[in-house]
**Student:** 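Below is a structure I'd like to ask you about.
Both counts, for ligands and for their atoms, begin at 1 and track the order of listing.
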Amino acid sequence: MKIAVIGTGYVGLVTGVALAEIGHTVTCIDVDPKKVEALNQGVPTIYEPGLGEMMLRNQKQNRLFFTDQHKLGLADAAVVYLAVGTPQNTDGSANLSYVERAAVEVAEQIDHPVVVVIKSTVPVGTNLRIKRLMMRRIRPGVFIRIASNPEFLREGSAIHDTFHGDRMIIGTEDEATASLLAEINEPFGIPIVKTDLFSSEMIKYASNAFLATKISFINEIANLCEKLGANVEEVAKGMGMDHRIGSAFLRAGIGYGGSCFPKDTNALVQLAGNHHHTFNLLKSVIEVNNQQHRLLIDKILERFGSINGKKVAVLGLAFKPNTDDLRESPALVMIPQLAALGADVIGYDPIAADRGTKWISAPARYTNHVAEALDGADFAVIITDWPDIKRMDPETYVRLMDQPIVFDGRNCYSIAAAREANLEYYSIGRPNVVPEVSK
Ligand SMILES: NC(=O)C1=CN([C@@H]2O[C@H](COP(=O)(O)OP(=O)(O)OC[C@H]3O[C@@H](n4cnc5c(N)ncnc54)[C@H](O)[C@@H]3O)[C@@H](O)[C@H]2O)C=CC1
Ligand SMILES: O=C(O)[C@H]1O[C@H](OP(=O)(O)OP(=O)(O)OC[C@H]2O[C@@H](n3ccc(=O)[nH]c3=O)[C@H](O)[C@@H]2O)[C@H](O)[C@@H](O)[C@@H]1O
């Protein structure tokens, strides 16, 4: 099958590469000529384990192409995926201008029947609206069908998720379109759920909102555990063993970030509001998450009073491990706050360090060497649970820092290991570790 994918961000690139890997001929189109140039040279424009090799393999086998010319990419395509961004408007709603522009581009260029598949996360009703928008612009006699096929991949494990997803949702207006998409995706071997357009769009928002709710719930329990002397890890383990609850997404921490949970929860609250429904539960989930981003600052100020002039090592800038994505990362909140309080901030990230200066508007230095960040620091703050940080012997802090005091937003070390290393250690929802000498 000849397929065009519009947008080569996270979702577009992974979708295009994966569809080529299962045997389709795919042309990915992006308006950014620099991205297209890099991709044509076999250089992936996102950091994603396993993506580069798969991309190169399919380029070499002439199944995967990149262009910045819509006309070229759309020629002969029987199916066109829209995978452009849907960022947040200032009022929290989803900005659909990229989807609309891409749809208009397809409508104006296409001269043969196509199925338009919307992969981008869009509010309920958007697929139908986009179809109507396109129909007003297509040439007479050209016929389009529309399908909603939301994406559930996680950054950092996108390839794995694409080939081992729990389900694929296909929302259509007719069985023939649903069957065609099921056939295209059949080689992934993932259970396919066929549904209507509106339900498909809602499944995406409801899934992200539910996962965000799980995280805020366990974070609230963690905050209570701290007050009552319980350990949230023990609590999450005990809760998660009940299969009705499940153990996933019960890791307490500094709060969720990333390009999707924050924007999609806000968009759902906004969508509900537009239909005279106040989504109180989700509003609280968002508020708890905002508080959680500030939690470590409160702990730091409680410990030190003032941090003016203190050297702080911030470990991790990305919103989660295995990605260089800083979108909505708690680091974007923490670093400016630490700097505003007078701290001398040095940020470490194994792959996203060079993005610090561009993304974070605060006076700070950045390094991709953890030892350089910790050297002579008065305290450290862990934002991202990168494997190299988790694997690090807690004694490293004692060896390198001026004062081995760690505020861990991701519960990277066991309480026993922190105690053994004589670390002064503050984590989330667990007892503090304060060695005798520091008391
Ligand atoms: N990033 C993620 O992990 C996930 C994202 N999603 C959803 O997928 C959608 C895309 O997200 P990302 O890939 O992160 O977006 P992104 O913002 O990283 O990439 C969008 C790409 O589309 C290109 N583009 C914009 N307008 C275009 C046009 N008219 N023609 C051709 N190219 C155009 C941009 O240059 C950019 O390269 C969003 O709706 C998002 O909510 C869903 C699941 C996972
Ligand atoms: O719509 C999207 O874009 C995607 O959003 C999330 O994927 P992603 O944002 O890549 O990353 P997650 O692994 O879900 O983590 C999101 C945030 O939650 C945090 N998190 C996650 C799990 C947990 O137990 N605790 C916790 O704090 C992570 O640190 C991270 O900041 C969803 O997991 C994907 O299914 C979805 O496709």
**Student:** Using distance only, find each side-chain donor-acceptor pair of residues 349-361 under 3.5 Å and give its atom names and separation, not counting sequence neighbours.
**Tutor:**
from	atom 1	to	atom 2	distance (Å)
Asp349	OD1	Ile351	N	3.0
Asp349	OD1	Ala352	N	2.8
Asp349	OD2	Leu317	N	2.8
Asp349	OD2	Ala318	N	3.1
Asp349	OD2	Trp386	NE1	3.0
Arg355	NH1	Asp324	O	3.2
Arg355	NH2	Asp324	OD2	3.4

**Student:** Do Arg430 and Ser427 have side-chain N/O donor and acceptor atoms under 3.5 Å apart?
**Tutor:** yes
**Student:** Identify, by atom number and element, the atoms of ligand 1 in contact range of Thr86, meaning under 4.0 Å from any of its heavy atoms.
**Tutor:** 38 (C), 39 (O), 41 (O)
**Student:** Going by atom types only, do Glu201 and Asn127 share a side-chain donor-acceptor pair under 3.5 Å?
**Tutor:** yes
**Student:** Determine, for Lys131 against Glu173, whether the closest basic-nitrogen to carboxylate-oxygen distance falls under 4.0 angstrom.
**Tutor:** yes
**Student:** What protein heavy atom lies closest to atom 28 (C) of ligand 1? Include the residue and the distance to one decimal.
**Tutor:** Val31 CG1, 3.6 Å
**Student:** So which of Gly85, Ser97, Ser259 gets nearest to atom 15 (O) of ligand 1, if we judge by its closest heavy atom?
**Tutor:** Gly85
**Student:** Would you kindly say whether Asp30 and Thr8 are connected by a side-chain donor-acceptor distance under 3.5 Å?
**Tutor:** yes
**Student:** Against ligand 2, does Gly257 come closer than 4.0 Å with any heavy atom?
**Tutor:** yes
**Student:** Just to confirm my output: which protein heavy-atom neighbour is closest to atom 27 (C) of ligand 1, and how far is it?
**Tutor:** Val84 CG1, 3.6 Å
**Student:** I'd like the name of whichever of Leu250, Ile215, Thr384 reaches closest to atom 21 (C) of ligand 2 through any heavy atom.
**Tutor:** Ile215
**Student:** Would you check whether Asp264 has a nitrogen or oxygen atom less than 3.5 angstrom from a nitrogen or oxygen atom of ligand 1?
**Tutor:** no
**Student:** Under a 3.5 Å threshold, yes or no: a donor from one side chain and an acceptor from the other, between Thr396 and Asp393?
**Tutor:** no
**Student:** Is there a heavy atom in Arg410 that sits closer than 4.0 Å to ligand 2?
**Tutor:** yes
**Student:** Heavy-atom contact under 4.0 Å between Lys263 and ligand 1?
**Tutor:** yes
**Student:** Under a 3.5 Å threshold, yes or no: a donor from one side chain and an acceptor from the other, between Gln291 and Glu287?
**Tutor:** yes
**Student:** Using a 3.5 Å cut-off on N or O atoms only, is Asn208 in polar contact with ligand 2?
**Tutor:** yes
**Student:** Tell me the contacting part of Lys320 for ligand 2: side chain, backbone, both, or neither, using a 4.0 Å heavy-atom threshold, strictly below.
**Tutor:** side chain
**Student:** Side chains of Asn280 and Thr278: donor-acceptor distance under 3.5 Å anywhere?
**Tutor:** no
**Student:** So, is Arg154 polar-close to ligand 1, with some N/O to N/O distance under 3.5 Å?
**Tutor:** no
**Student:** Under 4.0 Å from any heavy atom of Ala83, which atoms of ligand 1 are there?
**Tutor:** 10 (C)
**Student:** Rounded to the nearest 0.5 Å, what separation is found between the CG atom of Asn432 and the CD atom of Glu424?
**Tutor:** 8.5 Å
**Student:** For atom 22 (O) of ligand 1, which protein heavy atom lies nearest, and how many Å away is it?
**Tutor:** Gly7 CA, 3.4 Å
**Student:** Under 4.0 Å from a heavy atom of Leu153: give me the atoms of ligand 1 that qualify, with their elements.
**Tutor:** 3 (O), 44 (C)
**Student:** Do side-chain atoms of Gln69 reach the backbone of Lys71 as a donor and acceptor pair under 3.5 angstrom?
**Tutor:** no
**Student:** Under 4.0 angstrom from ligand 2, any heavy atom of Lys214?
**Tutor:** no
**Student:** What atoms in ligand 1 come closer than 4.0 Å to a heavy atom of Cys260?
**Tutor:** 4 (C), 5 (C), 6 (N), 41 (O)
**Student:** Does any N/O atom on Lys204 come nearer than 3.5 Å to any N/O atom on ligand 2?
**Tutor:** yes
**Student:** Can you tell me which portion of Leu153 lies within the under-4.0 Å heavy-atom range of ligand 2? Options are side chain, backbone, both, or neither.
**Tutor:** backbone
**Student:** Would you say Phe152 has any N or O atom under 3.5 Å from an N or O of ligand 2, going by distance alone?
**Tutor:** yes
**Student:** If the contact criterion is a heavy-atom separation under 4.0 Å, does Arg327 count as touching ligand 1?
**Tutor:** yes
**Student:** Check side-chain hydrogen bond (donor to acceptor under 3.5 Å, both in side chains) between Tyr413 and all other residues, then give those that pass, not counting sequence neighbours.
**Tutor:** Tyr397
**Student:** Does Gly258 reach ligand 2, in the sense of a heavy atom lying below 4.0 Å from it?
**Tutor:** no
**Student:** Taking the ring centre of each residue, are Tyr366 and Tyr348 less than 6.0 Å apart?
**Tutor:** no
**Student:** Tell me, which protein residue and heavy-atom name are nearest atom 2 (C) of ligand 1, and how many Å apart are they?
**Tutor:** Glu155 OE2, 3.6 Å
**Student:** Looking at atom 11 (O) of ligand 1, what's its closest protein heavy atom, distance included?
**Tutor:** Val11 CG2, 4.1 Å
**Student:** Give the atoms of ligand 1, by number and element, whose distance to some non-hydrogen atom of Ala102 is under 4.0 Å.
**Tutor:** 29 (N)
**Student:** Based purely on interatomic distance, does Phe319 place a nitrogen or oxygen under 3.5 Å from a nitrogen or oxygen of ligand 2?
**Tutor:** yes
**Student:** Salt bridge or not for Glu233 and Arg251, using N-O below 4.0 Å?
**Tutor:** no
**Student:** So which bit of Lys34 gets within less than 4.0 Å of ligand 1, heavy atoms only: side chain, backbone, both or neither?
**Tutor:** neither
**Student:** Could you check which of Arg251, Glu151, Glu155 puts a non-hydrogen atom nearest to atom 25 (N) of ligand 2?
**Tutor:** Arg251
**Student:** Could you list which atoms of ligand 1 come closer than 4.0 Å to a heavy atom of Ile29?
**Tutor:** 31 (C), 32 (N)
**Student:** Taking non-hydrogen atoms only, is Lys35 closer than 4.0 angstrom to ligand 1 via side chain, backbone, both or neither?
**Tutor:** side chain
**Student:** Quick one: nearest non-hydrogen protein atom to atom 30 (N) of ligand 1, plus distance?
**Tutor:** His70 NE2, 2.9 Å
**Student:** Can you confirm, on distance only, whether ligand 1 has an N/O atom lying under 3.5 Å from any N/O atom belonging to Thr121?
**Tutor:** yes
**Student:** Tell me the protein heavy atom at minimum distance from atom 18 (O) of ligand 1, and give that distance in Å.
**Tutor:** Gly9 CA, 3.5 Å
**Student:** With only distance considered, is Lys204 within less than 3.5 Å of ligand 1 through an N or O on each side?
**Tutor:** no
**Student:** Would you indicate which of Glu151, Gln88, Arg101, Glu105 comes nearest to atom 43 (C) of ligand 1 when only heavy atoms are counted?
**Tutor:** Glu151
**Student:** Give me the residue, atom name and distance of the protein heavy atom closest to atom 23 (C) of ligand 1.
**Tutor:** Asp30 OD2, 3.2 Å
**Student:** When you check the side-chain N and O atoms of Arg145 and Thr177, is any donor under 3.5 Å from an acceptor?
**Tutor:** yes
**Student:** Taking atom types as modelled, is there a side-chain donor on Glu155 or Thr323 under 3.5 Å from an acceptor on the other?
**Tutor:** yes
